[in-house]
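This structure is in structure tokens; I'll ask about it shortly.
Quick note on labels: first sequence line is chain A, next is B, and so on, each numbered from 1.
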2 protein chains.
Amino acid sequence: MVVIELSDDDVSRIFRALADTTRRDIVRRTLATEVSVSQLAAAYAMSFAAVQKHVAVLEEARLVTKEPRGRERMVRGNPDRIHQAQRLLDQFEHIWRSRIERLDALLEEEPT
Amino acid sequence: MVVIELSDDDVSRIFRALADTTRRDIVRRTLATEVSVSQLAAAYAMSFAAVQKHVAVLEEARLVTKEPRGRERMVRGNPDRIHQAQRLLDQFEHIWRSRIERLDALLEEEPT
DNA sequence: TTCTATTACAACCATTTGGTTGTACGTTAC
DNA sequence: GTAACGTACAACCAAATGGTTGTAATAGAA
């Protein structure tokens, strides 16, 4: 696992990309199996172009990759990126935990 | 820990709220210590009203709570909600892992 | 070659977002 | 009581978002 430093904009792009039901569903599908853009488009009640745009947003966030296969573009979910997002949330939990530790330390202080 | 069922809109709201640098910073600050809205506002190069709106977005996503204290409104980060977001990402990883298992099973199949 | 499927991309539109300023209101301090 | 502080909220604005339709290019099938 290569540890990549995420810029603030990267982080925003990742969460932004995940903030849409259709896009989350696309991530699920492309993590489960490899599918073409047109196969994805067939699954949703919206135009092909709309789905194409959703895939583009996910691609910019690097949550999926697109690979040409004949005339199709196969979309693959990127589990590494999901993992990175998880680690971001971990950092929040660390902040919270260290707060609790500080409070505990206060309570344990000997009254002078 | 109470396990709450998150609606699709809830999930969108959570990720949407986290898709902004200022808001992520507010979450960090309010997980670390309790701060008033005006204290938060003082930390950023934008108007009080703008920060107020950011807090409102976080509040709608239940990532923070606001509690009146005198004339101030104290903002507290909600670690439970962060945890829920983490579990959402966990689900994506499960999908990925079960794909790998399927592929492994295929490879292990006896050629007939 | 010709037809069809898949994709790319531009132009357009309504709504949302992230910011602003201004005004009003309750609370604390003097 | 009055001034200052902290908040709420409305109105406004530019830019981004999520959708549409239409057109063009490329690859595969007939």
Notebook entry, point to check: OP1 or OP2 of C/dT20 sitting under 4.0 Å from any side-chain N/O of B/Ser47?
Noted result: yes

Restricting to nitrogen or oxygen on both sides, can you table the protein-nucleotides 12-16 of chain D pairs closer than 3.5 Å?
none

Note to self: Between A/Asn78 and A/Leu63, is there a side-chain heavy-atom distance shorter than 4.5 Å?
What the structure shows: no

Checklist line | Spacing of A/Phe15 atom CZ relative to C/dT17 atom P, expressed in whole Å | finding: 18 Å

Check: Does D/dA8 have OP1 or OP2 sitting under 4.0 Å from an N or O in the side chain of B/Gln52?
Finding: yes

Next item on the list: Measure the distance from CD on B/Glu72 to P on C/dG26 and round it to the nearest whole Å.
Entry: 18 Å

Checklist line | Interatomic distance where CD belongs to B/Glu60 and P belongs to C/dT16 [whole Å] | finding: 12 Å

Next item on the list: Would you indicate whether the side-chain heavy atoms of B/Leu88 and B/Phe15 approach each other to under 4.5 Å?
Entry: yes

Next item on the list: Mind checking B/Thr22 for me? I need base, sugar-phosphate or nothing, with any heavy atom below 4.0 Å counting as a touch.
Entry: nothing

Next item on the list: Inspect the surroundings of CZ in A/Arg29 and state if more than 12 heavy atoms from other residues, nucleotides or ligands are less than 6.0 Å away.
Entry: yes

Notebook entry, point to check: Choosing from C/dG19, D/dG6, D/dC9, which nucleotide comes nearest the side chain of B/Met46?
Noted result: C/dG19

Next item on the list: Could you check how far CG of B/Asp20 sits from C1' of D/dT17, rounded to whole Å?
Entry: 15 Å

Next item on the list: Mind calculating the distance between NE2 (A/His54) and P (C/dC9) to the nearest angstrom?
Entry: 18 Å

Next item on the list: For the pair A/Arg28 and A/Asp25, evaluate salt bridge (charged side-chain N to carboxylate O under 4.0 Å, His left out) and give the outcome as yes or no after the intermediate values.
Entry: CA-CA 5 Å; A/Arg28 277 185 220 105; A/Asp25 196 68; 3.3 Å; yes

Item checked: Closest contact, heavy atoms only, B/Lys66 versus B/Val55 -> CD-CG1, 4.1 Å

Check: Can you find a pair of side-chain heavy atoms, one from A/Gln84 and one from A/Leu6, that are under 4.5 Å apart?
Finding: yes

Next item on the list: Check A/Ala41 against A/Val51 and note the closest heavy-atom contact, atom names and distance.
Entry: CA-CG2, 3.7 Å

Check: How close or far is atom P of D/dC5 from atom CG of B/Leu40, stated in whole angstroms?
Finding: 19 Å

Margin query: Do A/Phe48 and A/Val75 sit in one hydrophobic cluster, given that two such residues count as connected whenever their side-chain heavy atoms are within less than 4.5 Å of each other, even indirectly?
Written below: yes

Item checked: Protein-nucleotide distance (B/Phe48, atom CZ; D/dC9, atom P), rounded to Å -> 12 Å

Item checked: Shortest side-chain distance from B/Ala50, nucleotide among D/dG19, C/dT20, C/dC9 -> C/dT20

Next item on the list: Between protein and nucleotides 25-30 of chain D, map the contacts as a letter string: B base, S sugar-phosphate only, - none, heavy atoms under 4.0 Å, written 5' to 3'.
Entry: --BS--

Margin query: Using every non-hydrogen atom in the two residues, find where B/Phe92 and A/Leu31 come nearest and quote the distance to one decimal.
Written below: O-CD1, 3.5 Å

Check: Nearest-Å distance, CG (A/Leu58) to P (D/dT17)?
Finding: 13 Å

Next item on the list: Consider only side-chain N and O atoms of B/Arg102 and A/Thr33, and report whether a donor and an acceptor are under 3.5 Å apart.
Entry: no

Notebook entry, point to check: Using a cut-off of 4.0 Å on non-hydrogen atoms, how would the nucleic acid contact of B/Ala49 be classed: base, sugar-phosphate, or nothing?
Noted result: base

Notebook entry, point to check: Out of C/dT21, C/dG18, D/dT7, which nucleotide sits closest to the side chain of B/Ser36?
Noted result: D/dT7

